[in-house]
Chemist: 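Please see the structure below; I have some questions.
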Amino acid sequence: MRKAISIIIYGLLMAIVYLVYTGVFSLVEILLSIAIGLIIAYIFAGDIITDLSKLSLSRIYHAVAYLIKYFTVIEARAHWSVIKIILSRNTNPKPAIVRVPFKADNPYTIVFVANSITNTPGTVVVDMDENKKAYYVHWLTPISLNDDDAYRSISLEFEKHLTKVFE
Amino acid sequence: MRSKSFPVICLITTISIVLILAVLLNLSGLTTYGVNELTGLAKLFVLNIPDPTKPWSSHAFEIVTAILWDQRGFDTYFETSVLFLAIVASVALLSSYGRRHMPESTGDEYTTMIVKVITKLVVPIIAVVSASIAIHGHLTPGGGFQGGSVFVVAPVLILLAYGSRFLSSRGFNEVRLLAIRALSVTLIFVVGLVPVLYFLTHGTAYLFQNTYKPDSAFTYPYLIPTPIGMILTAGSIMIYNILEFFAVAAGFTLAILLLTREFERGGKK
């Protein structure tokens with residue numbers, strides 16, 4: 001039963017992807033998209049939806065709120081700090097690779113925090129260790145090489161928001 | 001040794017190459033084109049294939065796909081067969097020896113969680129898009145081969161992120177893939193043979209014929225009325241595209257699966 005619901009939800013999501021890619025919204029096309037979405041979901045939904053009981057409106061709200069904040073405020077701040085370095089006459093900002101620990105357990109949280117770090121200019125996740133629970137981040141303007149300081153200034157904000165979405 | 005005049009020489013060379021190419025393109029007429037300047041054969045195709053009032057129409061908007069499956073469908077069938085033989089040859093080469101004690105990889109040793117999760121999210125989207133490309137092959141650029149090739153990106157990503165065991169555990173084993181491949185190619189030929197049955201019982205029809213011709217009444221249904229609206233299938237072109245999609249997707253997935261297994265064994269017997 002639970003599997004059937006997750007297949008239907010994921011199938012409808014895939015149907016939307018199909019419709020947006022195709023660009024035609026006739027009734028025939030919508031029925032076709034649902035059929036194809038359900039076939040795809042039958043194969044993949046079990047791997048992608050790990051816990052259906054976590055699905056709730058508040059999580060979706062947090063996800064949308066995080067996306068809006070990320071692509072406006074956080075990205076703008078990170079871009080501005082890199083623009084300052086580019087325009088300054090300091091040709092060696094002394095970058096470093098620091099270890100940033102994470103506390104999350106869910107793979108989706110861990111991956112999306114890592115991608116959030118990489119997508120903001122100035123920080124790139126170059127590797128991660130799942131057993132030691134740490135990212136290795138190349139940091140253009142390191143404030144501190146200490147693990148906790150790095151955690152606080154790089155990933156605390158991402159992890160705080162994404163924990164509400166995925167954990 | 002790089003002299004001081006080196007950048008100047010580079011600049012002059014670049015500018016002169018650009019100028020020469022521009023003059024050549026302009027003189028050869030490649031920069032301007034229009035329907036009026038089409039050559040004879042192209043004009044024949046462009047004016048006849050998409051126009052349902054013409055006797056030689058294929059009732060398909062995508063002319064390239066229509067030419068591939070209608071005007072030269074027999075040729076395309078043998079192209080598909082050549083690909084099929086190549087896949088059969090690679091199966092014969094790769095799966096014949098040392099399959100028993102092969103530890104199949106789970107991919108843990110060469111990817112991180114980031115690669116795995118993102119692959120998991122992207123793969124279904126690739127599959128959906130490839131299905132759209134194949135199904136609309138007679139309406140928009142694309143078709144069965146193109147859709148199948150796009151689909152194969154998904155198994156490649158899975159094989160790189162998770163290793164070959166994941167694909168096998170999801171039912172993509174080599175026996176089944178080869179069966180899908182063989183069945184699709186056979187069905188393409190059967191669809192092409194149907195006009196011949198018509199020829200034997202009723203009257204004139206041609207091998208791999210799609211819609212009616214001036215001297216032949218045989219036609220696949222190209223515009224199907226349903227309660228929810230008209231469906232334009234362009235005759236057999238849509239059937240061919242869907243079958244070719246499965247044929248190409250299964251065939252390439254099989255070849256890549258076998259190659260990845262060989263790679264994971266690292267040349268050990």
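Order of the sequence lines sets the chain letters (A, B, ...), proteins ahead of strands, with each chain counted from 1.
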Chemist: Below 4.5 Å from any heavy atom of chain B, which atoms of A:D129 appear? Answer side chain, backbone, both or neither.
Modeler: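 Nothing of A:D129, per the 4.5 Å heavy-atom cut-off to chain B.
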Chemist: Looking only at heavy atoms and a cut-off of under 4.5 Å, which of A:I48, A:D47, A:T22, A:D127 has the most pairs with chain B?
Modeler: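 The residue among A:I48, A:D47, A:T22, A:D127 with the greatest pair count is A:D47.
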Chemist: Identify which part of A:V24 has an atom lying under 4.5 Å from any heavy atom of chain B, answering side chain, backbone, both or neither.
Modeler: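 Neither; nothing under 4.5 Å.
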Chemist: Any ion pair linking A:K103 and A:E167 (charged N to carboxylate O, less than 4.0 Å)?
Modeler: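 Salt bridge flag = no for A:K103 with A:E167.
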Chemist: Indicate yes or no: does B:K116 engage A:E130 in a salt bridge with an N to O separation below 4.0 Å.
Modeler: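 Answer for the salt bridge query: no.
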Chemist: Evaluate side chain to side chain donor-acceptor pair (under 3.5 Å) for A:T120 paired with A:E75, printing each intermediate quantity in order.
Modeler: CA-CA 6 Å; A:T120 47; A:E75 279 278 351; over 6 Å; no
Chemist: Below 4.5 Å from any heavy atom of chain B, which atoms of A:I39 appear? Answer side chain, backbone, both or neither.
Modeler: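 Neither part, no heavy atoms under 4.5 Å.
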Chemist: In terms of heavy-atom proximity below 4.5 Å to chain B, should A:F44 be classed as side chain, backbone, both, or neither?
Modeler: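 Contact with chain B is through the side chain of A:F44 alone.
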Chemist: Check each atom of A:L32 against the heavy atoms of chain B and say whether the ones under 4.5 Å are side chain, backbone, both or neither.
Modeler: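 For A:L32, the side chain is the part near chain B, not the backbone.
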Chemist: Here's one to test your reading of the geometry: is the NZ or CZ of A:K160 within 45 degrees of the ring axis of A:Y66 and under 6.0 Å from its centre?
Modeler: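 No, A:K160 and A:Y66 do not form such a contact.
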Chemist: Less than 4.0 angstrom from a charged side-chain N to a carboxylate O is my criterion; do A:D105 and A:K133 meet it?
Modeler: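 Yes, A:D105 and A:K133 are salt-bridged.
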Chemist: Tell me, for B:I135 versus chain A, whether the close heavy atoms (under 4.5 Å) come from the side chain, the backbone, both or neither.
Modeler: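 Answer is side chain: those atoms of B:I135 sit under 4.5 Å from chain A.
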Chemist: Hey, could you give me the CG/CH2 distance between B:L243 and B:W69, rounded to the nearest 0.5 Å?
Modeler: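 So the CG of B:L243 and the CH2 of B:W69 are separated by 8.5 Å.
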